[in-house]
Amino acid sequence: MCTVRCHIQVEVENGEVVWVQGNPHTGMDGALCPRGAAGIALLKDDERPHGPMIRDGRRGEGKWRRVTWEEAFGHVAAKLTEITAKYGSRSILFSDRGGPFPDLHQAFVRALGTPNYCNHDVSCARNTNHAALSVFGFGRKGLSYDLKNARHVVLQTRNIMEAVNVKEVKDLTAAMDKGCRLSVIDVRSTITATKAHDFFLVKPGTDYAFNLAILHTLIKDQLHDREYVDKYVKDFDRLALFVEPYTPAWAEQETGVPARRMVELAGRLAEAAPAIIWHPGWNTARYRDSFYVSRTAYLINVILGAVGAKGGLPLVAKAGDVGHPGLKSLTGLFPKPEEKRADGVGWKYPHLDAGPGVLNQALEAARTGDPYPVKAYLCYRHDPLTALPDPDAVRQALDEMDLLVSMTFSWSDTAWYSDVILPLSTYFERESIIAQKDGLKPYFFVRQRAVEPRYDTKAEWEIFTGILNQLGVKGWDFQSIEDIWRYQLQDTGFTAEALSETGTIPLTDKPQYKDRASLKFKTLSGQVEVINDKWEKAGHPSLKPYEPPQAPPAGTFRLIFGRCALHTQGHTVNNPLLNEAMPENELWIHTRAAAGLGLADGDLVRVSNNSHSSEAHSSEPHSAEIRAKVTDIIHPECVFMIHGFGHKLPVETRAYGKGAADHELMTEGLTKWSPAGGGLNMQENFVRVSKV
Ligand code: SF4
C-alpha cells in the first residue's frame with residue numbers, strides 16, 4: 001500500500017484474498033501498518049479504474065472511452081512514434097515513486113531511447129541522498145540504520161511511527177525495550193515524539209542551527225571519537241573552525257530550545273556512541289537549508305564514530321560482499337542514451353545524481369522548451385498533480401505535453417487529467433520483477449500474484465511489454481514474468497522456484513558488519529569529506545553559514561505538512577476502510593494563535609494563500625476549508641496538516657470534498673527548491689487562517 005513494500009503473506013480461498021499479514025518468513029512476524037491491513041478494501045474497491053481508457057473530452061473534463069488493451073497500447077505507441085519523429089525520443093519523460101523495482105522502469109525508459117527517467121524524490125529524500133553523496137561518495141542507501149542494536153536514536157525530519165516502515169518501527173521499539181534512548185526534534189509533538197525520552201520543540205526552519213550547536217559542543221568538549229576522526233575524516237579542522245561560533249547559547253536564540261538541553265543531548269550521545277543513530281531524514285523536501293540539515297546530521301554520526309558501527313549506521317553489504325553474483329540487470333539490455341537530461345542533471349547541475357533526476361526541473365523544461373521540448377509524459381504509480389506543490393504550475397507544464405499517460409491502480413488528479421489511463425492491477429493481482437535488497441543481510445525478493453485481476457487491469461511488466469511490442473522495440477523479448485525472472489537469476493545459481501515458498505532468497509544468515517578498522521568510502525579522497533570539491537565547484541559551499549528562516553509575514557503562519565499511519569500520500573483517502581477510520585485532515589494550530597483568531601477546537605476554518613504571477617507561471621489564490629485542531633503541542637509560528645486530502649474528483653465519492661489539500665497552498669512551490677541538495681522547499685510557504 002506504500003513505497004516501503006513491506007513483505008506480506010496473503011491467504012487465498014476460492015480465488016479471493018481472505019487475509020493479509022506481514023510475511024513471517026522475513027522478520028515481519030505478521031505485522032502490518034493500518035494501511036497494509038486495509039489492502040483488501042483496495043482490491044474490492046469498485047471506485048478504481050476498471051479498464052483502459054482514452055480521453056474523449058477536454059483534459060480534466062472526465063469524459064472517457066473504454067477501449068481494449070490492444071487499442072490503448074496502439075494509441076500510446078502511435079502517439080509516441082509521432083512525437084519521437086517530430087522532437088526525438090529525448091522528448092519523452094517518465095516518472096514513478098521509486099521503490100525496490102526501478103530496474104524494470106529504467107529498462108523501459110532506456111528502451112524508449114530517452115534519458116529522462118525521474119522519480120518523486122524531489123518531493124522526498126533528494127536532499128538526504130545528495131548530503132550522503134557529498135559526505136561519503138555514496139547515496140543514502142549506502143548506509144543501514146541498525147535500529148535494533150542502537151543505544152540512542154535521534155529522529156529529526158523522520159516521523160517513524162506515522163510515516164511508517166513497519167520493520168524499522170519494530171526494530172526501534174525492540175531496541176527501546178532493551179534501553180535504547182529516543183530523542184525527537186520537531187515543530188510539533190508527533191506520535192513518535194510521544195514515545196520519546198526527550199522531545200525538542202524547535203522553531204520551524206531552525207534545525208540547522210540545532211545541529212551546528214551539537215557539532216560545536218561535541219568538538220569543543222572533546223566528546224567526539226578522535227581516533228575515528230583522525231583515521232577517516234578529511235578537513236575535520238575546517239569543520240571545527242566553522243562550528244566554533246555556533247554555541248548552544250546562540251542556538252537557543254534561534255531554535256527556542258534551552259542551551260542546557262542541547263549540551264545534555266550531546267553528552268548523552270557521546271556516552272552511547274558509537275551505537276547511536278542521528279537519522280539524516282527521509283522526506284527532507286522541507287526548508288531551503290534542509291540539505292545542510294542532512295549533511296550536519298551525517299557529520300554528527302561521523303564524528304561520534306557511528307558510521308560503520310554496530311548499532312549505528314553500518315555500511316550496507318551487497319550480494320558480492322557475501323560471495324554471490326547479483327541479479328542480471330534489465331536496464332543493461334539497452335544502451336544508455338547519449339542525450340543530456342532535460343532537467344539539467346549531469347551538465348547544468350553536475351553535482352546532482354542522475355538516477356532519479358529532479359522532476360520539477362524536467363517539468364520546467366516542458367513548460368519552456370529549454371533545453372529541448374518535452375512532449376510525452378508517462379506517469380507510473382505517481383500523481384505529480386498531488387505530490388508536487390502548486391498544481392497550477394504543474395498543470396501548465398502538463399499542458400505542453402502532446403501525450404499524458406497514467407499507469408495507476410487508483411484515481412488521482414493526474415489520472416483525471418491524462419489522455420490515456422492504463423490501469424494497474426493492485427499488488428495482490430500483479431507480479432514484480434525480482435529485487436535485490438542490500439543491507440546487513442542482503443537478499444533477493446519477489447512479489448507474486450496472489451489472485452487474478454478483479455477488473456481489466458494489468459501488471460507493470462505487462463503494460464511495458466505491451467507498449468514496447470507495439471513500438472516494435474528490439475531487445476525486449478520476454479513473453480512472461482517467468483522469462484524475466486529466469487533472465488535476472490541467470491548468473492546467481494538460483495531458480496525462481498527458490499523464491500516461490502517464502503518470497504525471498506536470503507544470501508547470508510549473518511549480519512555483515514564491515515570491519516570498522518578498514519572502512520572504504522567512495523569519495524575521491526576515499527575519506528569522509530567535510531569539504532566536497534564537486535559541490536564547491538558548482539558554487540555550493542560545503543560549510544554554509546547559517547541564515548535564520550524567514551519570519552512569517554504579519555497575520556500568517558508557516559505551513560507544515562506530514563503523514564499519518566492511516567494514509568499514504570493521496571492514494572488511500574478513498575479506500576473504504578481507511579476513509580472510515582480517518583475521512584479528513586485537520587489544521588493543527590497553537591492554542592494562543594487560535595485564541596487570537598477567536599477559534600475553538602473543531603471550528604471550521606479557511607486556510608488561504610496568495611495568488612502569484614512570475615516569469616515562470618501564474619496561479620490563482622487557493623483556499624480550503626478544514627476543521628481546526630487547537631493544541632498546545634505545535635510551535636505557534638506554524639500550522640500543520642496531513643498531506644493528501646481535499647480530493648475533488650467525482651469518481652471518488654468517499655473522499656470527495658473532505659479536508660484540505662496542502663500542496664495547493666504552496667505558492668510558487670515548484671520553483672522553490674535547493675539546487676545544492678535537489679529537494680523542493682515545501683515548508684517555505686505562509687498561509688492565512690480565518691474562521692468560516
Ligand atoms: S508501511 Fe504499511 S502500507 Fe507501507 S508497505 Fe508496509 S504495511 Fe504496507
Side-chain angles (χ1 to χ4, degrees), residues 1-11 17 19-45 48 96-102 119-121 124-125 141 145 147 155 158-174 190-192 195 279 282-283 380-383 386-387 408-410 412 424-432 435 437 439 443 445-451 460 502-504 562-582 642-645 655:
M1 291 284 278
C2 85
T3 316
V4 173
R5 270 87 168 194
C6 294
H7 303 168
I8 58 169
Q9 186 183 50
V10 177
E11 203 176 312
V17 175
W19 183 248
V20 53
Q21 64 174 10
N23 187 343
H25 302 290
T26 63
M28 293 290 295
D29 301 331
L32 290 178
C33 84
R35 301 161 298 170
I40 301 175
L42 167 69
L43 177 64
K44 297 185 176 168
D45 185 1
R48 59 180 169 101
D96 61 28
R97 283 202 69 89
F101 310 114
N119 71 17
H120 71 300
D121 214 34
C124 193
K141 292 184 181 166
Y145 304 117
L147 291 158
L155 298 176
R158 177 74 186 97
N159 180 6
I160 205 166
M161 305 211 179
E162 293 183 270
V164 177
N165 170 327
V166 173
K167 184 75 171 43
E168 286 187 1
V169 176
K170 280 168 56 61
D171 286 352
L172 176 60
T173 47
T190 59
I191 301 271
T192 310
K195 313 289 180 202
H279 202 291
W282 193 357
N283 184 336
Y380 172 82
R381 203 185 166 282
H382 186 204
D383 175 16
T386 302
T408 178
F409 59 81
S410 60
S412 69
L424 191 63
S425 301
T426 66
Y427 59 92
F428 296 112
E429 306 164 304
R430 71 185 200 260
E431 314 85 352
S432 71
K437 179 81 177 162
Y443 57 90
F445 71 99
V446 76
R447 177 200 284 139
Q448 302 173 60
R449 189 181 292 221
V451 290
E460 61 260 54
T502 65
T504 72
R563 315 283 182 227
C564 68
L566 280 159
H567 287 291
T568 297
Q569 322 299 355
H571 76 244
T572 56
V573 292
N574 199 51
N575 176 295
L577 287 176
L578 296 171
N579 183 275
E580 187 184 317
M582 184 181 173
I642 287 169
H643 170 73
F645 287 85

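As the structure lists them, so they are numbered: ligands from 1, and atoms in each ligand from 1. If you read the sequence from its start, that first residue is 1, and numbering goes on from there. In this text, all values refer to a predicted model and were calculated from it rather than measured experimentally.
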Q. Is the shortest side-chain N to carboxylate O distance from Arg447 to Glu429 below 4.0 Å?
A. no
Q.
Using side-chain contact (heavy atoms from CB on, under 4.5 Å), reason through Ile8 and Met28 one step at a time and then give a plain yes or no.
A. CA-CA 8 Å; Ile8 58 169; Met28 293 290 295; over 6 Å; no
**Q.** Verdict with supporting geometry, Tyr145 and Glu168, side-chain hydrogen bond (donor to acceptor under 3.5 Å, both in side chains)
**A.** CA-CA 8 Å; Tyr145 304 117; Glu168 286 187 1; over 6 Å; no
Q: Identify the two heavy atoms, one from Cys33 and one from Val164, that lie closest to each other, and give their separation to 0.1 Å.
A: CB-CG1, 4.0 Å
Q) Under 6.0 Å between the ring centres of Tyr443 and His7? A) yes
Q) Nearest heavy-atom pair of Glu162 and Ile191: which atoms, and what distance? A) OE1-N, 3.0 Å
**Q.** If only protein N, O or S atoms under 2.8 Å count, total around atom 6 (Fe) of ligand 1
**A.** 1
